[in-house]
Amino acid sequence: MALTREQMAQRVAQELQDGFYVNLGIGIPTLVANFIPEGMEVMLQSENGLLGMGEFPTEETIDADMINAGKQTVTAVKGASIFSSAESFAMIRGGHVDLTVLGAFEVDVNGNIASWMIPNKLIKGMGGAMDLVAGADNIIVTMTHASKSGESKLLTDCSLPLTGKGCIKKVLTDLAWLEIADGAFILKERAPGVSIEEIQEKTQGKLIVPDHVPEMVFA
Amino acid sequence: MALTREQMAQRVAQELQDGFYVNLGIGIPTLVANFIPEGMEVMLQSENGLLGMGEFPTEETIDADMINAGKQTVTAVKGASIFSSAESFAMIRGGHVDLTVLGAFEVDVNGNIASWMIPNKLIKGMGGAMDLVAGADNIIVTMTHASKSGESKLLTDCSLPLTGKGCIKKVLTDLAWLEIADGAFILKERAPGVSIEEIQEKTQGKLIVPDHVPEMVFA
Amino acid sequence: MAGFDKVVTSYEDAMAGLEDGMTVLAGGFGLCGIPENLIQEIKRRQTRDLTIVSNNCGVDGFGLGVLLEDKQVRKMVSSYVGENALFEKQLLDGELEVELTPQGTLAEKMRAGGAGIPAFFTATGVGTPIGEGKEVRVFNGREYLMEEAITGDFAIVKGWKADRYGNVIYRHTAQNFNPLAATAGKITVVEVEEIVEVGELDPAQIHTPGIYVDRVIQGTFEKRIEKRTVRSAD
Amino acid sequence: MAGFDKVVTSYEDAMAGLEDGMTVLAGGFGLCGIPENLIQEIKRRQTRDLTIVSNNCGVDGFGLGVLLEDKQVRKMVSSYVGENALFEKQLLDGELEVELTPQGTLAEKMRAGGAGIPAFFTATGVGTPIGEGKEVRVFNGREYLMEEAITGDFAIVKGWKADRYGNVIYRHTAQNFNPLAATAGKITVVEVEEIVEVGELDPAQIHTPGIYVDRVIQGTFEKRIEKRTVRSAD
């Protein structure tokens, strides 16, 4: 069975480590915050200038001056810091964020990512995505393995304009956990009940399948 | 009569304008602060990160954490701001300081300035001087017109390694007030009692002497 | 003598000198920390052919979106646009030009503009459409793009508190691009919620030193929320 | 689990991992805001062949000057040196290398190092000995030098107050190069006068966010004054 959005977030959360500074993109990445293991401390960075993003405010504490990069009203945790956009991207570009999780349209065997622009469709902009993929060492891309019409999103070459070149090493899809190295996707784990054949069929780029590919384990 | 150090500072102070942010170098430039006209507000920038430098502290208020770029203990005026060295030089390099006054060994007809290095003598460094001359539009160099042995410091070409290239337009010496334009020094004022002939004799670089060269007037 | 007193009392005075064809840098992220009254004054003036540098372009009827209504904007330099239908329409009709710039690069371009750095290198955008036509150079085995600084004829900034000398502090995440825009305007105008006595702000805690600021005005603000997300009270 | 608690309780732990040949970035201007105990710990360790990046090199017997006593420093990157006789002697004897860097360029190089900017352009130093061998490029009719970023294996920083998460504020002009060094060390160690409770520092008023900081230690400081200038009390 393909993973649900919640399961995808849960699997990504297994990659968190105590003391990590993490930037979570919009969509599934945002859900990762709901699965931070008990007793583990993680600080969320929001690229509009907030390190230590907290939960949503109540109707009583809502404040127009306190938002996240998704423009949602949020709160700050104890020990948070707030700064300018230049400082925020100094952190991101300078490689100080430990983990970045974001969505994509496509990734390819060379670690390229396309996530912001579909030609002939209205282009809204890349926001901070290009800075995030260029600045982080440790990035997890979350997306469905194939489009609704069945076309693979794990390609030999991205067909869409890139967000970043050669910067992606880890991908979590609804079917599999994969790493990218030496011009190939390496199948590390599969979703419970999903066959290697299905993953092979839905992966257009070169796929390396090790002898043993364990199923993901959820607590 | 050649100007005293105090008179030189006094003459430079006549160039101040109300609301100016000013950076004063070590030596004669520092004395300018003593001659700010009554009722005029000027804010002193010190490149170690202080905008709004005040007078020296008393023995009771002295604080090791409050110094100026000359490493002297100082105070901050009301309305001062304190920031990092990067921010301080952003102000300087970005051209936000209205007037910079600094000393020099030599200047030349092309606006070059040499002020930091004498070959075969111990070199202590340029500190912030290169940033100051490159960043400011409005610079006044203060120095004696000639060395003690009578050699001119206003040259066709600086003989010493430069601090900055083509950035000086105004020079106050103990003999004259000069501007630099189109490859020449233009004699604008002379010190009281100093003859044009003496200035000509002590100026090695091309000197343009207008028909009328007034004497400086001190209040 | 006026000294360092930068307070003006009317929005007309605050934006005096704004002319057709100028470049205006605006602080704000989404609708958070935007100089809403200074934007309204630009609309009132009907200044045209403007280039606006701002991370976003407001929404229909609020923020920078209001400048689209009478087609005052020729070009937007932004990282993310299109939260407004009018923007989309003018873009498709070719009435509006957009220069998309990655958010971090945009922030750094403004900071560089204010700091006298004409250009810098960043890995952001290498191998993407943003890199087309830009110089690529390798440092330590990695490719970087050269990006040039941005400055503006005006910077319009929203602060929280300022003193008469133009020292400004920002509130929470309403800081965002505001201090960067403030450094890079030939004329920098800051509107704030409160003007405090000189000396009231801690010198070591000022976000924008007065040297960057030309005019300060006190206003009242709607502070519209773009995406209201709440949890139920515990 | 340790989470974000960065407090260490001994100077030995604070500088653990420092090895011969490393590059150390140090905050401070003159003797103001220098990490005096971290410097003493480097002396105690007798780590050698160090490259030190710091605006100045202390004085004889205090600050970075103490690292000269046992010839621990191979190279200094500074804007102004030679307040100490030992420095002068080692320089003339060829035991010490100095790379003079304009003060503003030095500050910007550290900031760039921390911010992932490998190089930038500045007008500072064009046509001077500092520009020799560096690329010159014209922007808007003016010449600029390309300067490259600086990073260090360690950054040693003196703060005023910090919380356990490594959020730091500086006191008065003891700020100077400290927040810049803090961003550019692979391992950044901050010594402070006081460790405060998490939440005590205003989030919008933190000079160095904890993300840049690896270790925090509380110390006591001599704070020697280099040039004592006073006026008589009124």
Side-chain angles (χ1 to χ4, degrees), chain A residues 46-50 53 55-76 80 82-93 95 110 112-114 116-117 119 122-135 161-167, chain C residues 27 29-33 55-56 78-83 88 91-92 98 100-108 110-112 122-131 142-144 160 170-180 207 221-234:
Chain A
S46 193
E47 64 264 28
N48 59 317
L50 172 58
M53 179 169 60
E55 56 190 348
F56 292 145
T58 62
E59 281 292 352
E60 287 68 41
T61 60
I62 198 166
D63 188 328
D65 289 340
M66 186 65 97
I67 68 168
N68 67 13
K71 293 165 193 165
Q72 298 170 310
T73 47
V74 293
T75 57
I82 297 173
F83 31 79
S84 75
S85 299
E87 181 66 46
S88 186
F89 283 94
M91 286 176 192
I92 290 167
R93 205 190 302 104
N110 294 310
N112 298 323
I113 173 173
W116 72 286
M117 180 182 174
L122 188 76
I123 299 158
K124 292 199 169 188
M126 71 295 285
M130 285 191 184
D131 306 281
L132 282 161
V133 297
L162 298 185
T163 308
K165 183 178 154 187
C167 41
Chain C
F29 181 93
L31 300 183
C32 181
N55 190 57
N56 315 93
S78 303
S79 86
Y80 195 83
V81 290
E83 302 283 9
E88 193 172 329
L91 190 61
L92 293 173
V98 178
L100 289 172
T101 304
Q103 196 175 137
T105 298
L106 184 63
E108 192 67 13
M110 285 195 204
R111 191 236 169 223
T122 174
T124 301
V126 170
T128 77
I130 296 310
R142 189 168 183 202
E143 291 178 323
Y144 294 85
W160 179 26
Y170 305 94
R171 189 167 174 275
H172 301 334
T173 61
Q175 181 171 166
N176 56 61
F177 283 85
N178 279 298
L180 314 171
H207 293 126
F221 299 85
E222 176 185 338
K223 292 198 190 179
R224 194 180 293 186
I225 291 175
E226 199 164 346
K227 292 187 190 165
R228 173 179 288 265
T229 46
V230 293
R231 63 185 161 92
S232 44
D234 301 318

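Chain naming here is simple, since letters A, B, ... match the order of the sequence lines and numbering starts at 1 in each. From a predicted model like this one, the values you see are computed outputs, not experimental measurements. Heavy atoms only: backbone and side chains are in, while hydrogens, waters and symmetry mates are out.
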One option among A/Asp65, A/Asn68, A/Leu162 has the most heavy-atom pairs under 4.5 Å with chain C, and it is A/Asp65
Go through it in stages, so that I can follow the logic: the residues are A/Asp131 and C/Thr124, the test is side chain to side chain donor-acceptor pair (under 3.5 Å), and I'd like the CA-CA distance, side-chain angles, deciding distance and then a yes or no. CA-CA 5 Å; A/Asp131 306 281; C/Thr124 301; 3.1 Å; yes
When C/Arg171, C/Glu108, C/Glu143 are compared by non-hydrogen pairs under 4.5 Å with chain A, the top option: C/Arg171
For the CE atom of A/Met130 and the OG1 atom of C/Thr101, what is their distance to the nearest 0.5 Å? 10.0 Å
Are A/Thr58 and C/Val230 close enough, and set up right, to give a side-chain contact (heavy atoms from CB on, under 4.5 Å), and what steps lead you there? CA-CA 5 Å; A/Thr58 62; C/Val230 293; 6.0 Å; no
Which of A/Ile123, A/Asp63, A/Val133, A/Thr61 touches chain C most, by non-hydrogen pairs under 4.5 Å: A/Asp63
For residues A/Ser85 and C/Leu180, report the shortest heavy-atom separation together with the two atoms involved. CB-CD1, 4.1 Å
State, to 0.1 Å, how close A/Ala64 and C/Lys223 come at their nearest heavy-atom pair, and which atoms those are. CB-O, 3.4 Å
Counting heavy-atom pairs under 4.5 Å with chain C, which one of A/Pro161, A/Gly49, A/Ala76, A/Ser84 comes out on top? A/Ser84
Check C/Val126 against A/Lys165 and note the closest heavy-atom contact, atom names and distance. O-CB, 3.6 Å
Smallest separation among heavy atoms of C/Pro129 and A/Met117, with atom names: CG-SD, 4.2 Å
Quick one: CZ on A/Phe56 to NZ on C/Lys227, what's the gap to the nearest 0.5 Å? 10.5 Å
A/Lys71 vs C/Tyr80 side-chain heavy atoms within contact, under 4.5 Å: yes
At a heavy-atom separation under 4.5 Å, does C/Pro179 approach chain A through its side chain, its backbone, both, or neither? side chain
Under 3.5 Å, is there a donor-acceptor pair between the side chain of C/Thr173 and the main chain of A/Ile67? yes
The interface call for C/Asn56 against chain A, heavy-atom contacts under 4.5 Å, is side chain
Taking side chain as C-beta onward, heavy atoms only, is C/Gln175 less than 4.5 Å from A/Glu87? no
Sidechain-backbone polar pair: C/Thr229 side chain, A/Gln72 backbone, donor-acceptor under 3.5 Å: no
Considering non-hydrogen atoms only, spot the tightest contact between A/Trp116 and C/Ile130 and give its length. CH2-CD1, 4.5 Å
Output the option from A/Ser88, A/Gly128, A/Ala134, A/Gly127 having the highest count of non-hydrogen pairs under 4.5 Å with chain C. A/Gly127
Within-4.5 Å side-chain heavy-atom neighbours: A/Thr163 and C/Thr128: no
Provide the closest heavy-atom pair for A/Leu122 versus C/Leu91 in the form atom of the first, atom of the second, distance. CD1-CD2, 4.2 Å
Please check if the side chain of C/Arg228 supplies one atom and the backbone of A/Thr73 the other of a donor-acceptor pair under 3.5 Å. no
Please rank A/Gly135, A/Ala86, A/Pro57 by heavy-atom pairs under 4.5 Å with chain C and give me the top one. A/Pro57
Atom NZ in A/Lys124, atom OG in C/Ser79: separation rounded to 0.5 Å? 13.0 Å
